[in-house]
There are 2 protein chains.
Amino acid sequence: MPRQTSKPRARHQASEARPYHHGDLRRVLIDAALQLAAEGAEVSVREAARRAAVSPGAPFRHFPNRDALMAAVAEEAQRRFRAEIEATLEQACPANPLARFRAFGIAYLRWAMRNPAHFEIISTGRYFAHGSSAELTRDNAELVALTERMLAEAAAQGLLRSTDLKRILIAGRALIYGFARMNLDGHFPRWGVEEREIERMAEEVIDLFIAGIAAR
Amino acid sequence: MPRQTSKPRARHQASEARPYHHGDLRRVLIDAALQLAAEGAEVSVREAARRAAVSPGAPFRHFPNRDALMAAVAEEAQRRFRAEIEATLEQACPANPLARFRAFGIAYLRWAMRNPAHFEIISTGRYFAHGSSAELTRDNAELVALTERMLAEAAAQGLLRSTDLKRILIAGRALIYGFARMNLDGHFPRWGVEEREIERMAEEVIDLFIAGIAAR
DNA sequence: CCGTTATGTAATCATCGATTACATTTCGCG
DNA sequence: CGCGAAATGTAATCGATGATTACATAACGG
């Protein structure tokens, strides 16, 4: 929790000098890094420090190394990601598991497409050792478990053609993750002038998948 | 084509000195970079130069910058990727487009899983500006076109449930690409002790997709 | 009020991509 | 041939970065 700096005394000389101790440098560094990523710039510790108006070595008081900063950044992004998905699911028809699955997929892809850099940090084991953040791993596992539950309910209600839930789960994850990554990795030529256009494609792809696994 | 160095004269002094001019530095640098990537190390121009036993500045005679080297590396990797897929398709039942699609997907995923670093370089716009290599773009487009043709044939033979080929194509690409990236990005916990296990999952996922789009 | 701890600064190092000036080899053209 | 231009590699150097260390200063508690 951010400690409240109680209006620190001014330095010996300047009346408006920045206090020696930053308010909550850790938080500010994470935000700066998130912002850097969102801007498409690559995240460097120094640049984050620069934005926090702090010396290049200061961040290392809060993070042992760059990877640790990135892991913290990923945790924050994942928190936001998960929060938005769960908020969307709050207002999704609770009775129909496949409709919920659909809403989940759409929310997932919407966030991924509107926060590409953050999604990249979350989903790729490139910025820090995969599994180095227990929180990130847990949050992600819970999203997977959420998906699993929806499919299990669908199966219980006889909505699925096959009962091989494991296989359906993996295929569904691959489909959604793949769509997000295709967008991220530039596999959609810039025909899709409208962002809205790609989101419509996302819906169609999800619907195709659901039609494929649904009983009929 | 690699120019043949016709046994260059020895230096003024040593009888076994390395010739001033490298045989085909460009090629050697690309191979060194491919090897570096395959070893999981991150590719640096200097390290490639080191492996080629050449000064750190030498590579820049062949590549204007690091990105250009990476683009050349990607082109080579893509060439191998495409060659293997097409070789596999050579011996796939030519009459059944869905069987060919299945073979395509399996070959795609097999290569991606056995050459993760190379697949990463190919498929991500991270190592160089996306579209900076016309050859890479073309090669990739041809694989997509190949998939498109298989699906069109399947539709022509009445094997598909829907005729929305565009949607099926994107979904299929997303599914296969997503599976490959999930493996790459560490989304498969290390349960799959056996590599063979993951390859079996890949087959199952592809089969599930085909079952989903097939007429019945 | 003092000292222990938390936090930031300054200086330094190795690595990397990149550029420049220079050296040597290769090759084409007369 | 042989000579000069072009190709190719070397050496030295620059700025940025991640990281470490020694030191300075502020914050907190007894």
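The model shown is predicted, which means the values in this text are computed figures rather than measured ones.
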Item to check | Check ion pair R114(A)-E199(A) (N to O, under 4.0 angstrom) | outcome: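 Yes.
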Next on the checklist: Any salt bridge linking E76(B) with R27(B)? Criterion: basic side-chain nitrogen under 4.0 Å from a carboxylate oxygen.
Outcome noted: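 Yes, E76(B) and R27(B) are salt-bridged.
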Could you tell me whether the phosphate oxygens of [N], OP1 or OP2, come under 4.0 Å of any side-chain nitrogen or oxygen in [X]?
X: R50(A); N: dT17(D); value: yes
X: R66(B); N: dT15(C); value: no
X: H62(B); N: dG9(D); value: yes

Checklist entry - Quick check, are the ring centers of Y108(B) and F81(B) under 6.0 angstrom apart? => result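 So the answer is yes for these two rings.
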Item to check | Validation row, ring centre F179(B) to ring centre F188(B) under 6.0 Å | outcome: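 Aromatic pair counts; centres sit under 6.0 Å.
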Report the distance from atom [atom1] of [X] to atom [atom2] of [N], rounded to the nearest whole Å.
X: E42(A); N: dA16(D); atom1: CD; atom2: C1'; value: 11 Å
X: F63(B); N: dT19(C); atom1: CZ; atom2: C1'; value: 18 Å
X: L69(A); N: dG18(D); atom1: CG; atom2: P; value: 9 Å
X: D24(B); N: dG9(D); atom1: CG; atom2: P; value: 9 Å
X: R46(B); N: dC16(C); atom1: CZ; atom2: P; value: 7 Å
X: L29(B); N: dT8(D); atom1: CG; atom2: P; value: 12 Å
X: R51(A); N: dT17(D); atom1: CZ; atom2: P; value: 12 Å
X: R26(B); N: dG9(D); atom1: CZ; atom2: P; value: 12 Å

Checklist entry - Reckon S55(A) touches a base, only the sugar-phosphate, or nothing at all at heavy-atom distances under 4.0 Å? => result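 Base contact.
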Side chain of [X] (C-beta onward), nearest among [options]:
X: V45(B); options: dT17(D), dG17(C), dG9(D); answer: dG17(C)
X: R61(A); options: dG9(D), dC23(D), dA19(D); answer: dC23(D)
X: A58(A); options: dG18(D), dG17(C), dG8(C); answer: dG8(C)
X: V54(A); options: dG17(C), dG18(D), dT9(C); answer: dT9(C)
X: L25(B); options: dG9(D), dT20(D), dG17(C); answer: dG9(D)

Item to check | Closest-nucleotide ordering on DNA chain C, the 5'-leading residue of V43(B) and G57(A) | outcome: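 The answer here is G57(A).
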Next on the checklist: Please tell me whether S123(B) and R181(A) have a donor and an acceptor in their side chains that are separated by less than 3.5 angstrom.
Outcome noted: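 Result is no, nothing qualifies.
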